[in-house]
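We use all heavy atoms of the structure for the numbers below, so side chains are in, but hydrogens, waters and symmetry mates are not. Every chain is numbered from 1 and lettered A, B, ... according to where its sequence line falls, protein lines coming before strand lines.
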Amino acid sequence: MTLQEFINYLNIESQHTSDIEITGLNTLQDATSSQISFLENKKYTHELEKTNAGAVLVTQELAHLVPKNCIALITPEPYLKLAYASKLFAPNVVETEGKEPEIGENTTIMPHVYVGKDSVIGKNCTIMSGAYIADNVHIGDNTLIYPNVTVYRDCTIGNDCIIHAGTVIGSDGFGFAHTKEGKYIKIYQNGNVVIGNDVELGSNTSIDRAAFNSTIIGNGVRIDNLVHIAHNCILKDGCILTGQVGLSGSTTLHEYVIMGGQSATAGHLEIAPFTTIAARGGVTKTISEPKKQWAGFPLMEHRVWLKLQGRIAKLLK
Amino acid sequence: MTLQEFINYLNIESQHTSDIEITGLNTLQDATSSQISFLENKKYTHELEKTNAGAVLVTQELAHLVPKNCIALITPEPYLKLAYASKLFAPNVVETEGKEPEIGENTTIMPHVYVGKDSVIGKNCTIMSGAYIADNVHIGDNTLIYPNVTVYRDCTIGNDCIIHAGTVIGSDGFGFAHTKEGKYIKIYQNGNVVIGNDVELGSNTSIDRAAFNSTIIGNGVRIDNLVHIAHNCILKDGCILTGQVGLSGSTTLHEYVIMGGQSATAGHLEIAPFTTIAARGGVTKTISEPKKQWAGFPLMEHRVWLKLQGRIAKLLK
Amino acid sequence: MTLQEFINYLNIESQHTSDIEITGLNTLQDATSSQISFLENKKYTHELEKTNAGAVLVTQELAHLVPKNCIALITPEPYLKLAYASKLFAPNVVETEGKEPEIGENTTIMPHVYVGKDSVIGKNCTIMSGAYIADNVHIGDNTLIYPNVTVYRDCTIGNDCIIHAGTVIGSDGFGFAHTKEGKYIKIYQNGNVVIGNDVELGSNTSIDRAAFNSTIIGNGVRIDNLVHIAHNCILKDGCILTGQVGLSGSTTLHEYVIMGGQSATAGHLEIAPFTTIAARGGVTKTISEPKKQWAGFPLMEHRVWLKLQGRIAKLLK
């Protein structure tokens, strides 16, 4: 679609007429010249100035910050317009056209399995009954998918992975704008999930696809049961998440972060390499210093938390 | 079944002989003259006085409060008797008789899907592989059911809904009485789940059916992954539950309540419209005043919680 | 495989040559003379002295404690060697040989169900669509398995059980050693799950199989939705776990323990009979005295927790 068609669809007034071909939406940081981005939260103004987006949905107030070579699409509600626009780029939920899936040598597809169009499964895999492998999914070699796993379209899983039963890879991230009347408008989650090699995921775990780009699970990651990973999280190599951990959107765990049972993050933050979060720890801010141990909610160093519990216990005396 | 047959089945001594036709069980508040209710917890005595139930299982001690036009069924263990009685009214888990399902125009039913007897699915829906749509389920138009979703019998889902993979709608509420010997007797959950229009449910979420009547999810509600909603909860329009929230039984969320990640409620309480519960907040009492922000466990106003954390931090000095 | 072959496989230097037939791995406590055990953590040294294992993977430092009749297999990394060894004894994920399953009288197997080799299902059961019953699974009489449940190989379920949709029984416990280079080596979970009679499990719950021996769910247990039970937990008769409870590995709940919503345990501990853990309680140590009520994290007696909350509230004044 051209930028002009895009503008017309969203009912935006614009002095520009443009036949630039628009291929999708993206963040200010990652957008290319054929993509459209948005800015509503002033916190991200610094990203606007450096964006390579072809056009940006932006309020009148911030429009003067839009860089040259980027077209300002002025609207009082950039985020809401983004939500409406996201539908334009949403692929089909199920493809009926496309190539039959490619299944590698020595791979077993058990009964009651669905494998979608254009999907590729490597060698020596086992895809067990009730698994759903959507369209355009790529799975490496020697990977084992247990029963009733769902892999949404466009996701990729590496070699030597084990995905336990009932786990969902690629469900939509929890994203929506709202109208003045309080109606929620879905932000279609047009990204995917990319899982590295030698990853094991427990049962009944949920990993959401990205709004844009990818939710990423690095090599060697181990994730336990009933873990919630929201959209656009990045887990670098060797991270360990134990049972019932919850990661909010856009959490980045650097290498070898360990999170104890029921611990969680608030999202839009990073955790330094080799950090340990104790069970129930609640991370609300970026942790920059590596190799430390944290606990509690609000979060503090684990040794401080232990000391604090001692002080709190004294209140009883 | 007649009231007399009911009395005989439960081995209750009664002076009444009655051929009133009994159609089911219900709460004191909602029971009609063809239904039987119960009272064990004195806390609900005020509801007994106003009940329209045809008969009530009640202890000798409280029997004098049973209103006229309502028959007292006296037993030392009303709740246990209710549990035994609930089995009498439990429908078949799977129907073998009944009409073939009605599938609307332009609706896609993918392979490996089961749709039960007497179920009706609207137009332009997609029911993806591995979904189980039980008997007498009603689904509106334009609704998308992702793979491996289970919808139990008698539940209804509105128009324009999206239900992500692995989610379960209508599993039994967690209800049982116990005998003196410590055996748990199941209270058959004979109600259902009713989901409004424009609702999106994340993946691997569980919504239990009501013991009596309905667990209700209002229009426009958004629910994230791995959320637990117990029996007889009511979520009014526009509520938002983020990842891993847990609602205990008979929680009522009024319009536009927002609950942060891993927050929870203790059940049998109400939360006023436009309330926000911060992540990890634990609600143990009704919140009557609308539009406030709460946090912590025990719960307090969010600004108080922040202040408290400051005071607690001072203990370390 | 002979002990000698085992030693060769793991590249262990050993003065012993032995053609003892090795049948598997086990803990120091439970190993028999045809099994191999391991000791890395000095905390368990007392178990070494009493072991009946045929051989033990052990460090040089602790080798002198290995009892007579037990062969010391000396290695600087006993736990890592155990991990490598566990793969030797892992059964096939899916059997292609074996007897066709035995299905009892009056049992209904709905469409889209898989039942594996050598499995036995009793009378009057209903196995609903999308359920996966793996190889060598034994299910008693009158048991109801809802849709999209997965039961992994070698697990057993008793009579009169109800397993709600999406629940997973027997997924791998979360176990791995790591190499010096930080690569995680899976400890194959060669045990199973054994579920007693009259057990009800909610929807989307996960129960992991044991590393060795069995994860055990006793008779009459009631488990709610989205509960996580790690490997080698033992729940004795009559325990109740409400929504989103999490049990870490090797937790033993004695009879009639009740755990409130989102409560959890740290693993490798026991909870005395008739204990109640309030919602959100976090159990980090063994509770020896029965019939008490506990709350909080760190855990304390419930009445103390209430008092403490009062004291904490005073900090605001």
**Q** Chain B: which of A:D172, A:L315, A:I312, A:L226 shares the most heavy-atom pairs with it under 4.5 Å?
**A**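 Heavy-atom pair counts peak at A:D172.
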**Q** A:D135 side chain to A:R153 main-chain N or O, any donor-acceptor pair under 3.5 Å?
**A**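 A pair under 3.5 Å: no.
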**Q** Can you confirm whether B:E102 is buried at CD, in the sense that more than 12 heavy atoms of other residues, nucleotides or ligands lie under 6.0 Å from that atom?
**A**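 For B:E102, atom CD is not crowded (no more than 12 foreign heavy atoms under 6.0 Å).
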**Q** Which atoms of A:T205 come close to chain B, meaning under 4.5 Å heavy atom to heavy atom: side chain ones, backbone ones, both, or neither?
**A**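 When you check distances to chain B, only backbone atoms of A:T205 fall under 4.5 Å.
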**Q** Please flag which part of B:K317 lies under 4.5 Å from any non-hydrogen atom of chain A: side chain, backbone, both or neither.
**A**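 For B:K317, the contact with chain A is made by the backbone alone.
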**Q** Looking at A:G170, A:P111, A:G246, which has the largest count of heavy-atom pairs under 4.5 Å with chain B?
**A**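 It is A:G246.
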**Q** Give a yes or no on this: more than 12 heavy atoms of other residues, nucleotides or ligands lie within 6.0 Å of atom NE2 of A:H302.
**A**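 More than 12 heavy atoms, drawn from other residues, nucleotides or ligands, come within 6.0 Å of this atom.
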**Q** Is a donor on one side and an acceptor on the other found under 3.5 Å between the side chain of A:Q189 and the backbone of A:I187?
**A**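 A pair under 3.5 Å: yes.
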**Q** At under 4.5 Å between heavy atoms, what parts of residues 143-152 of chain A are in contact with chain B? List them by residue number.
**A**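 Within residues 143-152 of chain A, the residues that come under 4.5 Å of chain B (heavy atoms only) are A:N148, A:V149, A:T150, A:Y152.
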**Q** Examine whether an atom of B:T242 lies under 4.5 Å from a heavy atom of chain A, and if so say whether it belongs to the side chain, the backbone or both; otherwise answer neither.
**A**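 Its backbone and side chain both get close to chain A.
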**Q** Given that the side chain runs from C-beta out, which part of B:D198 has a heavy atom under 4.5 Å from chain A: side chain, backbone, both or neither?
**A**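 For B:D198, the side chain is the part near chain A, not the backbone.
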**Q** Non-hydrogen atoms of chain B under 4.5 Å away: do they reach the side chain of A:V94, the backbone, both or neither?
**A**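 Contact with chain B involves the side chain of A:V94 alone.
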**Q** Identify which part of B:L241 has an atom lying under 4.5 Å from any heavy atom of chain A, answering side chain, backbone, both or neither.
**A**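 Contact with chain A: backbone only.
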**Q** If you count heavy-atom pairs under 4.5 Å with chain B, which of A:G173, A:S171, A:S206 comes out on top?
**A**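 So the answer, after comparing A:G173, A:S171, A:S206, is A:S206.
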**Q** Side chain, backbone, both or neither: which part of B:E255 has a heavy atom under 4.5 Å from chain A?
**A**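 For B:E255, there is no contact with chain A at all, as no heavy atom is under 4.5 Å.
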**Q** Please work out which of the three classes, parallel, tilted or perpendicular, describes the rings of A:F176 and A:Y184, given edges at 30° and 60°.
**A**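 Tilted: the ring planes of A:Y184 and A:F176 meet at 30° to 60°.
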**Q** Flag the pair B:R303 and B:E301 as a salt bridge only when some basic side-chain nitrogen lies within less than 4.0 angstrom of an acidic carboxylate oxygen.
**A**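 Judged by the 4.0 Å cut-off on N to carboxylate O distance, B:R303 and B:E301 do form a salt bridge.
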**Q** Check whether the side chains of A:Q244 and A:H228 place a donor and an acceptor atom closer than 3.5 Å, and report yes or no.
**A**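 Looking only at side-chain atoms, A:H228 and A:Q244 do not form any donor-acceptor pair under 3.5 Å.
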**Q** Taking the six-membered ring of B:F297 (Phe, Tyr or Trp), confirm whether the NZ or CZ of B:R280 is under 6.0 Å from its centre and within 45° of its axis.
**A**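 No, B:R280 and B:F297 do not form such a contact.
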**Q** Measure distances from A:V304 to the heavy atoms of chain B and classify the residue's part below 4.5 Å as side chain, backbone, both or neither.
**A**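 Its backbone and side chain both get close to chain B.
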